[in-house]
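Read the structure below first, then the notes.
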Amino acid sequence: MKIVVCIKQVPATGADKRYTDDLRLDRTGVEAIINPLDEYAIEQALRLADAGTADAVTYLSMGPDQASEALRRALAMGGDDAVLITDPALAGADEWTTAKVLAAALDKLAPDVALMGMASDDARGSLVPGAVAAMRDVPLLSYGSELALADGEARVRRLSATGYDWIAAPLPVVATVTDQVGEPRYASLKGIMAAKRKPMETWSLGDLGLSADDLHGAALTKVTDARAPEEKPPTERIENLPAPEAAAKIADWLAARKLI
Amino acid sequence: MSNDILFLAEFSGGAPARSALELATGAAELASQSGGSAVALAYGSGAASGAGALGAHGAARAIVLGDEDRPAITFAPAAIAAVRDAGLAVLAPATPNGRDLAAALVGSLDLPAFGPVRAVRVVDGAVESEQATLQGSVITTARPADGAPSPSVVLVLANTFTPAEGGSGTAEVTQTGDAAESALAKATVAESHEAEAKVVNLEEATVIVAGGRGVGGEEGFGPLRDLAEALGGAVGASRAAADAGWIPYQLQIGQTGKVVKPSLYIGAGISGAIQHRVGMQTAEHVVAINRDPDAPIGEFADLFVVGDLFEIIPALTDEIRRRKGA
Ligand SMILES: Cc1cc2nc3c(=O)[nH]c(=O)nc-3n(C[C@H](O)[C@H](O)[C@H](O)COP(=O)(O)OP(=O)(O)OC[C@H]3O[C@@H](n4cnc5c(N)ncnc54)[C@H](O)[C@@H]3O)c2cc1C
Ligand SMILES: Nc1ncnc2c1ncn2[C@@H]1O[C@H](COP(=O)(O)O)[C@@H](O)[C@H]1O
């Protein structure tokens, strides 16, 4: 059973982020990390490998050259090899473009499971996995707190409105997992050393049989403005008051805003 | 019609989700800007009999994609058939089910995707959406690129639109045409486990009282429940409280929980980590109760109450009951 984990490199959570004058994310000087939610996908894949269910784990990322660092870091956690898709024509890629490129790469890699995070930290659209599934015409099993593989079938445990379900589909599938998978493992020193020798390939659009023309100039969407959020009025504080007085003040505050 | 605004209308257990009513009103609002009609894509049990009633909230027409409770993604082939070459935009709820179906549309029909939006309008014949990106640190405005196919797929957060009430219209209901074979239809529910206690849908609450690690245990949520009841709201939680098993995961707010947009959020014993914040920062009013005067939530709350939640919350509940009784 072969798993490809799709990981995205993103600016560190909470880092100071800006847009450039041409309305793209300014990546200069910002620490880059593996999208935190993708670490759970890595962890899930490695658990399946530890259990002997998966016999190959490959990482796939689309991004600038620098994204090879994220792949190297994933390889230090475990897994076998990695592919970076990088091409100048992909600068400013949106979710559709990303899905199109990943789908083409996955066609080539032909895994039983393409495993992804539930969302990327910077965009939070959660649309890439489903779009990839639709483009490749394979089932989508999303938002799993666990992924199980057996008998030519994949299953995810997914929260329902009232409890949880196991959703099943025949392989191959695209699956996404949540942070309920369990805490991602750390890379050991041995893992970091071993990762240096693991194979990593770099593919361009041409290697995927795609051209910039197929990609609508990298995006179907265009950002026309980027600005700071509106300044909110400063926080009002209630401190050092006995509870009943504090409660009366809170109630006044709520009443003034017609909330009670 | 190419100016129509379509929307995903989820039904389950025989009734429409609140998102269906909100999006009916939102679609009608956008349709009045574009000169088209609001068209529901209704799916789930109750869709066939209930779709017509979406007319009362603004839908002019409704297309029924299917009338059973099954994984939302399996309605994708019908949705794709209905959306092909239709309309200016498809509004989808920014829920797991809504995102799955929206993604299938984006991937199958090569459509531009937007959101989750904090505002959306029609400008110069195209959808213009405003969204918070990078954990809310930047607000971007986006439009379809020149020559991009239509419709635009737009994810919409709960409570972005308020359902119009009191309308008497009935949407004209039709069935979907033939859907193409698709592997997306192959997902099935292999097992279903119900929780003992009923869980509310947090996205539908207009008042939320959320508790975190500071609540200290399952019993600690009791006073929060009383306050929520006095305010006519629901109880939510941070991941720390859900991870501890004090409260079901369905009530977790945040990046990997629900993204909520109530008119009032009260957070008690919650520090305000970025992953929690992205799930509630669009609340209209944020009140935080924390005994740590330096808790990060104090930096973005509208009202920050420094104190012990076990003293403040019961006192507040009493005060509100007293005022309501008066
Ligand atoms: C990938 C990822 C995804 C995540 N997703 C989410 C998510 O969706 N939602 C989420 O919430 N978190 C999420 N987290 C976790 C998040 O980072 C925080 O760890 C979590 O939100 C902390 O929960 P808390 O505020 O309840 O607990 P803490 O940070 O421990 O804060 C407890 C607070 O309670 C206060 N307190 C204690 N006792 C009292 C008292 N008696 N009265 C008043 N105040 C008191 C303390 O001063 C403190 O500020 C995620 C983390 C990761 C890495
Ligand atoms: N550039 C990328 N390279 C590899 N995987 C990606 C990329 N963008 C998104 N993904 C995958 O798709 C998931 C959802 O991303 P998104 O739809 O952007 O929220 C992520 O968690 C990744 O697993």
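The figures that follow rest on heavy atoms only: side chains count, while hydrogens, waters and symmetry mates do not. Naming: A, B, ... by sequence-line order, numbering from 1 per chain.
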Can a donor-acceptor pair be found, under 3.5 Å and without considering hydrogens, that links the side chain of B:Q250 to the backbone of A:G163? yes

How far apart are the closest heavy atoms of B:L184 and A:A133, and which atoms are they? CD2-CB, 4.0 Å

Is there a side chain to side chain contact (heavy atoms under 4.5 Å, CB included) between B:V305 and A:I250 once you walk through the steps? CA-CA 8 Å; B:V305 185; A:I250 302 170; 3.7 Å; yes

Pick from A:R136, A:K249, A:R257, A:K100: which one has the most heavy-atom pairs with chain B under 4.5 Å? A:R257

For the student: nearest non-hydrogen atoms of A:P139 and B:K186, plus distance: CG-CB, 4.2 Å

B:A104 versus A:A134, closest heavy-atom pair with distance: O-CB, 3.6 Å

If you count heavy-atom pairs under 4.5 Å between each of B:E194, B:E284, B:H285 and chain A, which one has the most? B:H285

So for atom NZ, which belongs to A:K222, do other residues, nucleotides or ligands contribute more than 12 heavy atoms lying within a distance under 6.0 Å? yes

Under a 3.5 Å distance rule, please check whether B:R99 uses its side chain to pair with a backbone N or O of A:G125 as donor and acceptor. yes

Among the options B:D100, B:I320, B:I312, B:V189, pick out the one with the most heavy-atom pairs lying under 4.5 Å from chain A. B:D100

Need one label for A:M135: side chain, backbone, both or neither, based on atoms under 4.5 Å from any heavy atom in chain B. both

Against chain B, label A:A248 side chain, backbone, both or neither, depending on which of its atoms sit under 4.5 Å from a heavy atom there. both

Which region of B:P71, side chain (C-beta onward) or backbone (N, CA, C, O), has a non-hydrogen atom less than 4.5 Å from a non-hydrogen atom of chain A, or is it both or neither? side chain

Taking side chain as everything from C-beta outward and backbone as N, CA, C, O, which of these in B:K198 sits under 4.5 Å from a heavy atom of chain A? Side chain, backbone, both or neither. neither

Under a 3.5 Å cutoff, is there a donor and acceptor pairing between the side chains of B:Q255 and A:D121? yes

In terms of heavy-atom contacts, B:L316 and A:A251 come closest through CD1-N, 4.2 Å

Under a 4.5 Å heavy-atom cut-off, does chain A meet the side chain of B:L105, its backbone, both or neither? neither

So which part of A:T162 gets closer than 4.5 Å to some heavy atom of chain B, the side chain, the backbone, both or neither? both

Once the angle between the rings of B:H193 and A:Y164 is folded into 0 to 90°, is it parallel (under 30°), tilted (30 to 60°) or perpendicular (over 60°)? parallel

Full working for side chain to side chain contact (heavy atoms under 4.5 Å, CB included) between A:R227 and B:E130: CA-CA 11 Å; A:R227 59 186 164 82; B:E130 228 180 78; 3.1 Å; yes

Heavy-atom distances under 4.5 Å only: say whether A:P233 touches chain B with side chain, backbone, both or neither. neither

Of A:E153, A:M118, A:R157, the largest count of non-hydrogen pairs under 4.5 angstrom with chain B goes to A:M118

Can you say whether B:D146 sits under 4.5 Å from chain A via the side chain, the backbone, both, or neither, judging by heavy atoms? both

Look at B:D302 together with A:R237 and state whether they make a salt bridge at an N to O cut-off of under 4.0 Å. no

N/O donor-acceptor pair under 3.5 Å between A:R155 side chain and B:E191 backbone: no

Under a 4.5 Å heavy-atom cut-off, does chain A meet the side chain of B:P293, its backbone, both or neither? both

B:L303 CG to A:L254 CG distance, which is reported to the nearest 0.5 Å: 7.5 Å

Among the listed options B:A142, B:S192, B:P96, the residue most often paired with chain A at heavy-atom distances under 4.5 Å: B:P96

Proximity breakdown for A:L241 and chain B, heavy-atom pairs closer than 4.5 Å: neither

Using non-hydrogen atoms and a 4.5 Å limit, figure out which bit of B:I73 sits close to chain A: side chain, backbone, both or neither. side chain

Between B:E128, B:E311, B:R239, which residue shows the highest count of heavy-atom pairs closer than 4.5 Å to chain A? B:R239

Atom group of A:R158 that falls short of 4.5 Å from chain B, counting heavy atoms: side chain

Let me confirm one number: the CD-CG distance from A:Q180 to B:D243, rounded to the nearest 0.5 Å. 7.5 Å

Atom pair OG1 (B:T74) and CG (A:L140), whose distance is rounded to the nearest 0.5 Å: 11.0 Å

Contact origin within B:L231 toward chain A - heavy atom pairs under 4.5 Å: side chain

Per-residue tally against chain B (heavy atom, under 4.5 Å) across A:T178, A:V173, A:V138, A:V174 peaks at A:V138

Non-hydrogen atoms of chain B under 4.5 Å away: do they reach the side chain of A:A219, the backbone, both or neither? backbone

Please report the closest heavy-atom contact between A:A255 and B:R323, naming both atoms and the distance. CB-NH1, 4.4 Å

Just give me the residue among B:T317, B:D318, B:V199, B:N201 that pairs up with chain A most often, heavy atom to heavy atom, under 4.5 Å. B:V199

How far apart are the closest heavy atoms of A:A169 and B:A187, and which atoms are they? CB-CA, 4.2 Å

Which atoms of B:V200 are under 4.5 Å from chain A, going by heavy atoms: the side chain, the backbone, both sets, or neither? neither

Apply the test side chain to side chain contact (heavy atoms under 4.5 Å, CB included) to residues A:D225 and B:T140: give CA-CA distance (whole Å), side-chain angles for both, the deciding distance (0.1 Å), then the verdict. CA-CA 5 Å; A:D225 186 42; B:T140 55; over 6 Å; no

Interface residue of largest heavy-atom contact number with chain B, from A:A99, A:A161, A:A246, under 4.5 Å: A:A161

So which part of B:E299 gets closer than 4.5 Å to some heavy atom of chain A, the side chain, the backbone, both or neither? backbone

At a 4.5 Å cut-off on heavy atoms, which part of B:E319 comes close to chain A: side chain, backbone, both, or neither? side chain

Below 4.5 Å from any heavy atom of chain A, which atoms of B:D110 appear? Answer side chain, backbone, both or neither. both

When rounded to the nearest 0.5 angstrom, what distance separates CZ in B:F114 from CG in A:D94? 8.0 Å

CG/A:L259 to OG/B:S263 distance, rounded to the nearest 0.5 angstrom? 6.0 Å

Is it the backbone or the side chain of B:F300 that comes under 4.5 Å from a heavy atom of chain A, or both, or neither? backbone

A:T235 (side chain) donor-acceptor with B:A301 (main chain) under 3.5 angstrom: yes

For chain B, the option from A:S145, A:A103, A:S142 that forms the most heavy-atom pairs under 4.5 Å: A:S142

Approximate separation, where rounding is to 0.5 Å, of A:D179 CG and B:T256 OG1: 3.5 Å

Which atoms of B:N97 approach chain A - backbone, side chain, both or neither, heavy atom under 4.5 Å: both

Counting only heavy atoms not in B:E181, do more than 12 sit closer than 6.0 Å to its CD atom? no

